Structure formats: structure tokens, C-alpha cells
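Here's the structure, in C-alpha cells; my notes come after.
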Amino acid sequence: MTRLAQTEGLTDIQREILSTVRDFVDKEIIPVATELEHRDEYPSQIVEGLKELGVFGLMIPEEYGGLGESLLTYALTVEEIARGWMSVSGIINTHFIVAYMLKQHGTQEQKDYFLPKMAAGEIRGAFSMSEPALGSDVSAISSKGVRDGNDYVLNGQKMWLTNGGSSTLVAVLCRTDEGHPEGTAPHKSMTTFLVEKEAGFGEVRPGLTIPGKIDKMGYKGVDTTELIMDGLRIPADRVLGGETGRGFYHMMDGVEVGRVNVAARGCGVAQRAFELGVSYAQQRHTFGKPIAQHQAIQFKLAEMATKVEAAHAMMVNAARKKDSGQRNDLEAGMAKYLASEYCKEVVEDAFRIHGGYGFSKEYEIERLYREAPMLLIGEGTAEIQKMIIGRRLLEEYRIQG
């Protein structure tokens with residue numbers, strides 16, 4: 001284990017899980033990640049390995065076949081996986097957001113049906129809020145679900161769907177005006193639908209189309225897609241929780257888990273960038289000595305390591321707050337904001353340490369340099385996090401009288 005980013009107070013089981021995952025990352029992910037990323041190839045063999053380790057059931061209760069572990073264990077696992085290849089951590093992120101939403105808000109029938117299959121990795125989850133004309137402004141959603149007998153008919157277009165092709169279950173947020181009078185606040189007339197589909201692209205069930213992958217600067221391997229609904233019929237028993245109008249709250253609860261995940265990913269990528277930078281600095285010689293012995297490089301390493309430690313501590317704090325059952329939007333927002341910004345800075349410093357070689361695709365830091373920017377916008381931009389943080393601080397420090 002490295003000296004940086006250690007976590008106090010872990011159980012023997014947590015330490016064993018993390019040690020197993022780190023070993024898997026070192027042996028099965030890092031050696032092939034850059035090659036697969038350059039080919040934009042889905043890491044099927046890696047995913048199968050994670051299924052065998054039980055990672056897809058990590059936070060799912062034991063009664064449904066999972067390991068019943070905490071958000072903290074999950075976040076630390078994500079940190080280790082992202083250290084190897086951030087795209088792999090993205091594959092499990094949306095799966096766990098959907099599993100968490102089912103565990104917290106699903107009907108008993110929904111839990112009994114979906115969670116055991118999700119724990120085994122037989123069903124793989126994705127969730128969808130964004131649309132072509134909106135991102136952070138969730139209240140502007142235009143996709144709509146209309147009741148028709150025992151079904152709902154869904155129409156609309158969704159965007160930026162991680163695991164859009166490989167998933168077989170998508171939690172989709174739509175407007176449902178049924179039972180909500182004129183003038184109802186937009187966030188009170190939204191519903192989450194559990195949409196089952198075939199894996200793949202094209203028409204994956206009647207009325208539902210997943211176009212091909214969106215070509216991205218980084219974050220390759222994992223498929224990012226659109227989702228088009230045109231007369232998609234969904235049984236009423238596939239409304240999450242069995243009640244319309246609760247979708248916004250379901251999604252926001254899930255997003256808090258997602259923000260801890262993005263913070264953990266930032267920590268993992270930053271750790272790997274530091275490892276690459278400190279290693280290269282001891283091998284590369286200039287002016288008769290390793291560049292690690294130059295004060296300018298030592299200052300960079302000191303700043304990078306401090307940022308890795310600080311981001312890790314905030315991420316752990318946010319996960320533990322959520323595990324305690326307390327509201328954690330402030331802590332999750334702070335952790336996501338700090339970890340993503342620090343990740344970008346640590347990766348850039350490692351890139352600078354590599355000099356011209358950092359610009360070559362033969363060096364791993366080139367891949368990290370293209371991956372880090374996604375964390376700046378995933379699960380809410382820095383500006384959105386600042387809004388959340390600012391509003392919560394004003395609630396906490398409101399002047400009385």
C-alpha cells in the first residue's frame with residue numbers, strides 16, 4: 001500500500017476488500033488500460049473479473065445476494081479502480097446509483113426482482129437525467145410519461161447516458177403531470193421509471209433506441225450514448241417506489257452517492273498521476289542528477305501529495321456522513337469540487353514533470369491528462385457544487401433575528 005491516502009478506522013473486512021481490489025488493479029487493469037483506452041474498447045474481461053470479485057454487489061444488502069458494505073467501502077474501492085483506469089470506475093458508478101435508489105426507494109417487489117440480479121452483475125444499471133437542452137437544470141426536463149391504462153407511454157430524448165449500450169436497466173427521469181395540478185413546482189411532477197432493455201445499440205426494445213457511442217476526448221472504453229423514447233410503454237409497476245411525483249427526490253439522493261463516487265475517482269486518478277510523476281522524477285536525469293533532486297520538482301511533488309491527501313480526507317468524510325444517515329449534500333459537494341479540481345492540477349503537474357514525453361501516447365500520463373477534465377463536469381460542474389455549498393452554508397450560518 002502507498003503512504004498517501006490511507007484511511008483510519010477500517011475493519012479487517014474493509015482492508016481485505018481493498019487489498020484484493022488493489023491487487024486486481026495492479027495485475028489486471030493497469031497493464032492493459034492504456035492499450036484498451038486508445039482503441040476505445042469496452043473492458044469486457046476486466047468487468048467479468050470485477051463480477052467474480054463481487055464488486056457489482058458491494059453495497060447491495062446480503063439478503064439480496066450482495067456484500068452489504070457501506071458507501072465508504074464502495075468509495076474506497078472506486079478510488080482503487082480509478083487509479084487503474086477511470087473508465088472502469090464509471091462502469092460501476094451508474095450501476096450502484098441505480099442499485100442504491102432501488103434499495104432506498106423501491107417497492108418490495110422491485111427490490112426482490114432487481115437487486116439479486118444486480119448483485120450478481122446479471123443486470124447492469126444506468127441512470128438518465130440529462131437531455132440535449134439541459135444538464136444541471138433538472139427542472140427543465142421535457143421527456144414525458146403519460147398514463148395509458150396499466151402502462152405509461154414515454155416520449156423524449158435523453159443525453160450523456162453512461163453505460164447506455166451495455167446496461168440492461170435504466171432509471172429514467174420524466175415529467176408526469178398526472179395528479180399534479182396546474183402550477184405545481186416542476187420538481188414535484190417528475191417520476192423515475194425503471195426501464196428494462198437489451199444490451200447493445202439500435203432499437204433495444206419497442207419504442208426505445210440507443211444510438212451509437214458518443215466519441216469523446218477521454219473517458220473511453222465505457223459507452224456514453226443518447227437514449228430516444230418514442231411511444232415506449234412501461235408497466236405502472238415499474239415506477240420507482242410505486243408513486244409518481246417523487247422522481248426528483250430519488251435522483252437527487254442517488255446523485256449524492258454519485259458525487260462521492262466522482263470525488264473518489266478524482267482521488268484515484270490523482271494518486272496514479274502522483275505515482276507516475278514521482279517515479280519518473282527519480283529516473284529522468286538533467287544537469288547531472290535525477291530531476292527529483294531539483295528543488296523545483298520537489299516543490300511540485302510536495303504540492304501534489306498534499307492535494308492527494310486533502311482530497312482523500314474530504315471524500316472519506318462525505319462517504320461517512322452519508323453512511324451515518326445524515327444529510328451530506330454539503331460534504332459531497334465540497335468533496336466532489338475539491339477532488340476534481342485537485343485531480344486536474346495534480347495530473348497537470350505530473351504531465352509537466354514528464355516534459356515532452358508526457359505528450360506521447362506511449363506514456364500513461366497522456367491518458368490521464370485527457371481523462372481528468374471529465375471529472376470537472378460529471379455529476380454537476382464546479383459552479384453547481386459552489387451553489388450547493390453556498391446555499392447550505394447560509395442555512396447553517398443564518399443570522400437570527
Side-chain angles (χ1 to χ4, degrees), residues 11 13-14 17 21 50-51 53-78 81 89-129 161-163 167-173 190-197 234-264 315 318-329 331-332 379:
T11 66
I13 292 176
Q14 288 174 314
I17 290 171
V21 171
L50 292 174
K51 284 168 63 175
L53 291 179
V55 169
F56 282 92
L58 194 61
M59 274 182 66
I60 295 175
E62 294 181 10
E63 63 188 284
Y64 299 108
L67 298 180
E69 275 294 329
S70 63
L71 177 59
L72 175 62
T73 308
Y74 167 62
L76 295 175
T77 299
V78 166
I81 293 172
S89 65
I91 290 171
I92 65 173
N93 177 38
T94 56
H95 177 84
F96 267 102
I97 290 177
V98 177
Y100 173 82
M101 290 166 60
L102 275 161
K103 181 182 73 171
Q104 295 296 107
H105 308 290
T107 65
Q108 192 59 53
E109 185 274 334
Q110 291 167 353
K111 294 177 187 179
D112 291 340
Y113 178 78
F114 287 113
L115 289 181
K117 297 180 177 65
M118 296 186 79
E122 296 171 9
I123 287 180
R124 301 254 292 285
F127 84 118
S128 181
M129 290 193 300
L161 184 66
T162 301
N163 289 333
S167 62
T168 52
L169 171 66
V170 186
V172 181
L173 187 64
M190 297 183 189
T191 299
T192 301
F193 292 92
L194 301 170
V195 178
E196 298 169 86
K197 69 177 188 65
I234 298 295
D237 63 6
R238 289 299 180 255
V239 169
L240 180 62
E243 180 184 356
T244 62
R246 301 291 301 168
F248 179 83
Y249 304 102
H250 298 157
M251 285 284 179
M252 290 304 104
D253 192 20
V255 164
E256 285 184 9
V257 172
R259 284 178 179 149
V260 172
N261 172 286
V262 172
M315 179 271 290
R320 282 182 162 150
K321 195 73 177 285
K322 186 78 169 176
D323 282 332
S324 72
Q326 300 179 68
R327 180 178 178 180
N328 88 325
D329 52 344
E331 290 77 11
E379 311 297 7

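All residue numbers in this chain count up from 1 along the given sequence. Atom set for the values below is all heavy atoms of this structure, side chains included, hydrogens, waters and symmetry mates excluded. As the structure is a computational prediction, the values presented were derived from the model and not from experiment.
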Hey, are the side chains of [X] and [Y] touching, using non-hydrogen atoms and a 4.5 Å cut-off?
X: E379; Y: I97; answer: yes
X: M59; Y: S70; answer: no
X: Q110; Y: L240; answer: yes
X: T191; Y: L173; answer: no
X: Y249; Y: T192; answer: no
X: N328; Y: V260; answer: yes
X: F248; Y: M190; answer: yes
X: I123; Y: F114; answer: yes

Check against side chain to side chain contact (heavy atoms under 4.5 Å, CB included), S167 and H95: CA-CA 8 Å; S167 62; H95 177 84; over 6 Å; no
To check you understand the geometry: which heavy-atom pair defines the closest contact between [X] and [Y], and what is its length?
X: D323; Y: L72; value: OD2-N, 3.0 Å
X: A99; Y: L115; value: O-CD2, 3.8 Å
X: A75; Y: A319; value: CB-CB, 4.4 Å
X: I91; Y: F56; value: CG2-CZ, 4.5 Å
X: S89; Y: N261; value: O-ND2, 4.2 Å
X: L161; Y: A126; value: CD1-CB, 4.2 Å

Which is it for T77 and L58 under the side chain to side chain contact (heavy atoms under 4.5 Å, CB included) test, yes or no, and what are the steps along the way?
CA-CA 9 Å; T77 299; L58 194 61; 3.6 Å; yes
Could you tell me whether K51 and E122 have a side-chain N and a carboxylate O separated by less than 4.0 Å?
no
Can a salt bridge be assigned to the pair K117 and E196 using a cut-off of 4.0 Å between side-chain N and carboxylate O?
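Salt bridge between K117 and E196, a charged N being under 4.0 Å from a carboxylate O: no.
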**Study point:** K111 to Y113, cation-pi by 6.0 Å centre distance and 45° axis angle
**Key:** no
Distance (rounded to the nearest 0.5 Å) between [X] [atom1] and [Y] [atom2]:
X: M315; Y: L76; atom1: CE; atom2: CG; answer: 5.0 Å
X: T107; Y: D237; atom1: OG1; atom2: CG; answer: 7.5 Å
X: I81; Y: Y74; atom1: CD1; atom2: OH; answer: 8.5 Å

task: Only one of K322, K321, R259 passes salt bridge (charged side-chain N to carboxylate O under 4.0 Å, His left out) with E331; say which it is.
output: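 So, applying the salt bridge (charged side-chain N to carboxylate O under 4.0 Å, His left out) to E331 and each of K322, K321, R259, only K321 qualifies.
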Can you check side chain to side chain contact (heavy atoms under 4.5 Å, CB included) on I17 and E69, steps first, answer last?
-> CA-CA 10 Å; I17 290 171; E69 275 294 329; 3.9 Å; yes
- Run the numbers on N93 and T162 for side chain to side chain contact (heavy atoms under 4.5 Å, CB included), then give the verdict. CA-CA 9 Å; N93 177 38; T162 301; over 6 Å; no
Subject >> Option passing side chain to side chain contact (heavy atoms under 4.5 Å, CB included) with L169 (candidates V195, N163, L102) >> reply: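 It is L102, the one option of V195, N163, L102 that forms the side chain to side chain contact (heavy atoms under 4.5 Å, CB included) with L169.
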* Distance-only side-chain donor-acceptor flag, D253 / H105, under 3.5 Å -> yes
